[in-house]
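These notes are about the structure you will find just below.
Heavy-atom basis, side chains included; hydrogens, waters and symmetry copies ignored. Heads up: numbering here begins at 1 and tracks the sequence. Just follow the structure's listing: the first ligand is 1, and inside any ligand the first atom is 1. No experiment lies behind these values; they were computed from the predicted model shown.
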Amino acid sequence: MAFPVIKHVRAFVVRGGGADYHDQGAGHWIDDHIATPMSRYPEYRQSRQSFGINVLGTLVVEIEAADGTIGFAVTTGGEPAAYIVEKHLSRFLEGRDPTEVEKIWDQMYFSTQYYGRKGLVVNAISGVDLALYDLLGKLRQEPVYALLGGKVRDELTFYATGARPDLAKQMGFIGGKMPLHHGPAEGEEGLRKNIEELATMRERVGEDFWLMFDCWMSLDLNYATKLAHKAHEYGLKWIEEALSPDDYWGYRDLKKNAPTGMLVTTGEHEATRWGFRMLLEMECCDIIQPDVGWCGGVTELIKIANLADSKGVMMIPHGSSVYSYHFVITRHNSPFAEFLMMAPKADEVVPMFHPQLIGEPVPVNGKLKLSDAPGFGVELNREVGLHRPYAR
Ligand SMILES: C[C@H](O)[C@H](O)CC(=O)C(=O)O
Ligand SMILES: [Mg+2]
């Protein structure tokens with residue numbers, strides 16, 4: 001079957017909304033004194049926006065085929081990523097057969113390797129790769145999960161990330177992951193407050209509900225070890241992203257130090273098969289958590305997931321809505337998924353990438369059956385103020 005060639009790649013920037021690194025309004029739980037690597041500076045402790053978490057904004061990539069079919073995807077990266085997509089990556093797609101996914105990925109990665117490899121450049125590559133999968137699904141009239149080998153289960157099961165695991169339990173989620181609020185710079189008092197928050201939640205949710213801490217790269221090995229042992233008394237299921245993503249040695253030691261039964265998880269700021277190979281070969285964690293919009297897209301996630309599977313490690317992607325749902329449903333080593341509670345008080349289920357996506361599915365009673373609509377099954381909301389800074 002011949003497909004129309006790719007005619008045009010476009011990159012847009014959007015401000016406002018869209019999950020954790022995009023702009024959220026004042027008073028949102030996701031920006032309320034969360035421990036970060038910048039918490040050592042008191043002036044950057046209260047709000048992640050104070051040090052610029054939202055500075056990049058959203059990147060939207062659109063790929064149009066010669067017959068007018070359009071695939072698109074949303075990720076983080078803003079203007080700098082839009083520049084890379086328009087000025088550099090587009091040459092590897094325009095005029096090409098859209099089924100050349102592997103070759104296109106390879107050329108995007110190796111042509112940018114001298115200034116890329118991780119971070120922003122891989123975000124941009126991921127956005128293009130996801131848009132290409134969306135386009136392919138639309139051209140083939142198949143959902144992305146079908147392109148990936150089909151479902152291994154009927155529905156997705158979710159845990160929730162947010163400030164209110166107690167409400168998440170009432171909403172049918174299997175667990176609640178809370179942001180850690182106090183880092184090492186807040187000393188023993190901060191540590192006590194962290195444990196008190198966990199104890200309060202444990203009291204509210206009972207013994208069996210999963211509770212986890214997301215530490216967002218804020219700790220050192222000593223503090224993380226102490227936190228893990230104190231939190232073990234309250235049945236913490238996992239300690240997430242405790243250390244810098246570059247500290248593979250620290251993760252290896254934390255996994256050795258962690259109490260028996262507590263899982264060590266990380267990887268949402270890791271990228272590519274090579275980064276995850278380090279985490280896996282050094283036995284840094286029990287669960288890897290790539291974000292499909294940041295780790296290299298679906299093409300790279302296939303390789304990452306296979307590496308994890310061969311080591312018997314679970315792969316539970318960082319919350320990225322439909323972009324990870326279509327992957328998780330095809331994998332035995334991804335038995336559940338993350339849902340990021342984007343309601344400001346984490347008290348209701350709202351679409352994660354609102355307002356950018358139209359038709360974004362959300363879990364009901366902690367479960368979701370994916371639709372068989374083509375591609376990722378969502379449409380781009382063109383009312384969000386799309387800005388194309390580097391139009392060619
Ligand atoms: C709540 C965390 O600090 C972060 O914003 C989200 C995250 O790391 C996760 O969902 O995992
Ligand atoms: Mg996390």
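- Residue Ile30 approaches ligand 1 through these ligand atoms, each under 4.0 Å from one of its heavy atoms: 5 (O).
- Ligand 1 lies less than 4.0 angstrom from a heavy atom belonging to Glu240.
- For Glu240, the N, O or S atom with the smallest separation from the Mg ion (ligand 2) is OE2.
- Remark: at the Mg ion (ligand 2), atom OD2 from Asp214 and atom OE1 from Glu268 enclose 170°, rounded to the nearest 10 degrees.
- Ionic pairing of Lys177 and Glu240 is present here: one or more N-O contacts between side-chain nitrogen and carboxylate oxygen are shorter than 4.0 angstrom.
- A donor and an acceptor atom, one from each side chain of Thr75 and Asn123, are nowhere located under 3.5 Å apart.
- Every atom of ligand 1 with a heavy atom of Leu340 under 4.0 Å away is listed here by number and element: 10 (O).
- Considering backbone and side-chain atoms alike, Asp214 places an N or O below 3.5 Å from some N or O of ligand 1.
- Polar contact with ligand 1: present for Arg48 (N/O pair, distance under 3.5 Å).
- Per-residue contacts place His318 under 4.0 angstrom from the following atoms of ligand 1 (heavy atoms of the residue considered): 6 (C), 7 (C), 8 (O), 9 (C), 10 (O), 11 (O).
- Relative to the ring axis of Trp274, Arg117 does not place its NZ or CZ within 45° and under 6.0 Å from the centre.
- Side-chain N/O atoms of Arg331 and Asn306 include a donor and acceptor closer than 3.5 Å.
- Aromatic ring centres of Tyr323 and Phe376 lie closer together than 6.0 Å.
- In this structure, Gln289 does not count as a contact residue of ligand 1, since none of its heavy atoms falls inside 4.0 Å of the ligand.
- Among the atoms of Glu241, no N, O or S atom is found under 2.8 Å from the Mg ion (ligand 2).
- Here is the list of ligand 1 atoms found below 4.0 Å of a heavy atom in Lys177: 9 (C), 10 (O), 11 (O).
- If you look at His387 and Phe12, their ring centroids are not closer than 6.0 Å.
- A salt bridge is defined here as a Lys NZ or Arg NE, NH1 or NH2 lying under 4.0 Å from an Asp or Glu carboxylate O, and Glu281 with Lys311 fails to meet this definition.
- For the pair Asp347 and Arg164, the salt-bridge criterion is not met [side-chain N within less than 4.0 Å of a carboxylate O].
- Looking at Met341 against ligand 1, nothing comes within 4.0 Å, counting heavy atoms.
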